[in-house]
Amino acid sequence: MTRIGFGFDVHRLVSGRKLILGGVEIPFEKGLLGHSDADVLLHAVSDALLGAAALGDIGKHFPDTDARFKGISSIQLLMQVGKLLTDKGYLVGNIDTTIVLEKPKIAPYADGMRKNISLALGINEDQVSVKATTNEGLGFIGVGEGAVAYAVATITLHKIK
């Protein structure tokens, strides 16, 4: 049985923070604000995977009220999501993502993001797609105030628990 999940996340861009997307630190004058490293892409991927397995969302498993997750790398969170899926008998089929961000350009970093996601989940890079677009100068993204990420994932029940 194949299941599909959808993930969405948004974070504000602020000075004084590192910009980390897909586990890659990108040189930029602003970073994303959040309790963890605020990796909007990995949060969307985690939500897509958790949703496909009907296991809730990232906030349920890693609440921003829990000091254990303060400043944590979202790669670590994604690895824990992968373990949850494995423990339930699921295999990841594919992950398709889109980052919406006016600046900086993401294309030079997309392969590194794909690699990080695949390593965190123990899947092949060709099972992960990372795309990026701008918001054409419109809204809070267009004026450089934030970033959004969308993710869709498929999982398959490998063994019945």
Side-chain angles (χ1 to χ4, degrees), residues 1-13 18-26 28 31-32 34 36-62 72-142 144-159:
M1 166 176 46
T2 299
R3 301 177 71 146
I4 299 170
F6 172 76
F8 164 85
D9 198 33
V10 60
H11 283 275
R12 179 181 304 276
L13 279 165
K18 293 179 181 179
L19 179 59
I20 300 171
L21 293 170
V24 175
E25 186 175 333
I26 300 171
F28 194 59
L32 295 169
S36 65
D37 63 6
D39 189 327
V40 71
L41 178 63
L42 296 185
H43 294 180
V45 169
S46 294
D47 269 348
L49 292 167
L50 290 167
L55 293 174
D57 62 22
I58 195 170
K60 174 182 176 181
H61 295 275
F62 314 109
I72 193 169
S73 166
S74 295
I75 288 285
Q76 296 297 317
L77 302 179
L78 182 60
M79 290 171 68
Q80 289 183 47
V81 168
K83 183 172 179 351
L84 283 170
L85 293 177
T86 300
D87 290 349
K88 294 285 186 182
Y90 289 106
L91 294 175
V92 176
N94 75 301
I95 298 167
D96 184 27
T97 69
T98 302
I99 303 167
V100 187
L101 180 68
E102 213 65 23
K103 291 180 189 175
K105 295 292 184 192
I106 300 304
Y109 308 99
D111 286 342
M113 294 176 198
R114 291 177 63 222
K115 181 177 183 175
N116 288 342
I117 293 167
S118 67
L119 288 173
L121 294 171
I123 61 176
N124 294 322
E125 281 183 57
D126 66 2
Q127 292 173 264
V128 181
S129 171
V130 174
K131 305 177 304 294
T133 189
T134 69
N135 218 40
E136 299 295 328
L138 300 173
F140 72 93
I141 296 169
E145 293 179 359
V148 167
Y150 301 95
V152 178
T154 61
I155 60 172
T156 304
L157 189 58
H158 179 64
K159 59 184 177 182

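Hydrogens, waters and symmetry mates play no part in the numbers below; they use all other heavy atoms, side chains included.
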Asker: How close do Met113 and Leu41 get, heavy atom to heavy atom, and via which atoms?
Answerer: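 Scanning both residues completely, I find the closest heavy atoms to be SD-CD2, 3.8 Å.
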Asker: Just verifying a value: how many Å separate Leu121 CG and Leu49 CG, rounded to the nearest 0.5 Å?
Answerer: 6.0 Å
Asker: Can you tell me which residue among Val128, Ile123, Asn124 is in a side-chain contact (heavy atoms from CB on, under 4.5 Å) with Val92?
Answerer: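 Only one option passes, and that is Ile123.
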Asker: When rounded to the nearest 0.5 angstrom, what is the spacing between CZ in Phe28 and NZ in Lys105?
Answerer: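 Rounded to the nearest 0.5 Å, the CZ-NZ separation comes out at 11.5 Å.
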Asker: If you define the side chain from C-beta out and look only at heavy atoms, does anything of Gln127 sit under 4.5 Å from Ile95?
Answerer: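 The answer is no; the side chains never approach within 4.5 Å.
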Asker: Does a side-chain heavy-atom distance below 4.5 Å link Asp96 with Lys131?
Answerer: yes
Asker: If the test is side-chain contact (heavy atoms from CB on, under 4.5 Å), which one of Val130, Asn116, Asp39 qualifies with Val24?
Answerer: Asn116
Asker: Would you say that Leu84 contacts Tyr90 through its side chain, given a criterion of any heavy-atom pair below 4.5 Å between the two side chains?
Answerer: no
Asker: Do Leu13 and Leu19 have side-chain heavy atoms sitting under 4.5 Å apart?
Answerer: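 Counting from C-beta outward, Leu13 and Leu19 do come under 4.5 Å.
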Asker: To the nearest 0.5 angstrom, please state how far the CD1 atom of Ile58 sits from the CG atom of Leu78.
Answerer: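 These two atoms lie 8.5 Å from each other.
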Asker: How long is the span from the CD atom in Glu136 to the CD1 atom in Ile141, to the nearest 0.5 Å?
Answerer: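 These two atoms lie 12.0 Å from each other.
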Asker: Where do Val81 and Phe62 land on the side chain to side chain contact (heavy atoms under 4.5 Å, CB included) test, with the steps shown first?
Answerer: CA-CA 10 Å; Val81 168; Phe62 314 109; 3.8 Å; yes
Asker: Are Arg114 and Asp126 close enough, and set up right, to give a salt bridge (Lys or Arg N to Asp or Glu O under 4.0 Å), and what steps lead you there?
Answerer: CA-CA 8 Å; Arg114 291 177 63 222; Asp126 66 2; over 6 Å; no
Asker: So that I can tick it off, tell me whether Lys115 and Asp111 are bridged by a salt bridge, with the cut-off set at under 4.0 angstrom between side-chain N and carboxylate O.
Answerer: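 Looking at Asp111 and Lys115, the cut-off is not met.
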Asker: Could you pull out the closest heavy-atom pair between Ala151 and Thr97, with the gap in Å?
Answerer: CB-CG2, 3.9 Å
Asker: With rounding to the nearest 0.5 Å, note down the distance linking CD in Gln76 to CG in Leu42.
Answerer: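 Those atoms lie 11.0 Å apart.
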Asker: Going by heavy atoms in the side chains, are Ser74 and Ile20 under 4.5 Å from each other?
Answerer: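 Of all side-chain heavy-atom pairs linking Ile20 with Ser74, none is under 4.5 Å.
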Asker: Checking the side chain of His61 only, and the main-chain atoms of Gln80 only, is there a donor and an acceptor separated by less than 3.5 Å?
Answerer: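 A pair under 3.5 Å: no.
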Asker: Evaluate the side chain to side chain contact (heavy atoms under 4.5 Å, CB included) criterion for residues Val40 and Leu21: first the C-alpha distance (whole Å), next the side-chain angles of each, then the deciding distance (0.1 Å), finally the verdict.
Answerer: CA-CA 7 Å; Val40 71; Leu21 293 170; 3.5 Å; yes
Asker: When you measure from the side chain of Glu102 to the backbone N and O of Gly137, does any donor-acceptor pair fall under 3.5 Å?
Answerer: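 It does hold such a pair.
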Asker: Verify, without hydrogens or angle tests, whether Thr156 (side chain) and His158 (backbone) share a donor-acceptor contact under 3.5 angstrom.
Answerer: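 Checked: no pair found.
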Asker: Report the C-alpha separation of Ile99 and Tyr150 in whole Å, then their side-chain angles, then the decisive distance to 0.1 Å, and conclude whether the side chain to side chain contact (heavy atoms under 4.5 Å, CB included) test is met.
Answerer: CA-CA 7 Å; Ile99 303 167; Tyr150 301 95; over 6 Å; no
Asker: To check you understand the geometry: which heavy-atom pair defines the closest contact between Ala38 and His43, and what is its length?
Answerer: CA-CE1, 3.9 Å
Asker: Counting only N and O atoms by type, is there a donor-acceptor contact under 3.5 Å from the side chain of Arg3 to the main-chain atoms of Ala52?
Answerer: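 Yes.
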Asker: Let me confirm one number: the CD-CG distance from Glu25 to Asp37, rounded to the nearest 0.5 Å.
Answerer: 10.0 Å
Asker: In this structure, are over 12 heavy atoms from other groups packed under 6.0 Å from Ile4 atom CD1?
Answerer: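 No, because the 6.0 Å sphere around CD1 of Ile4 holds 12 heavy atoms or fewer from other groups.
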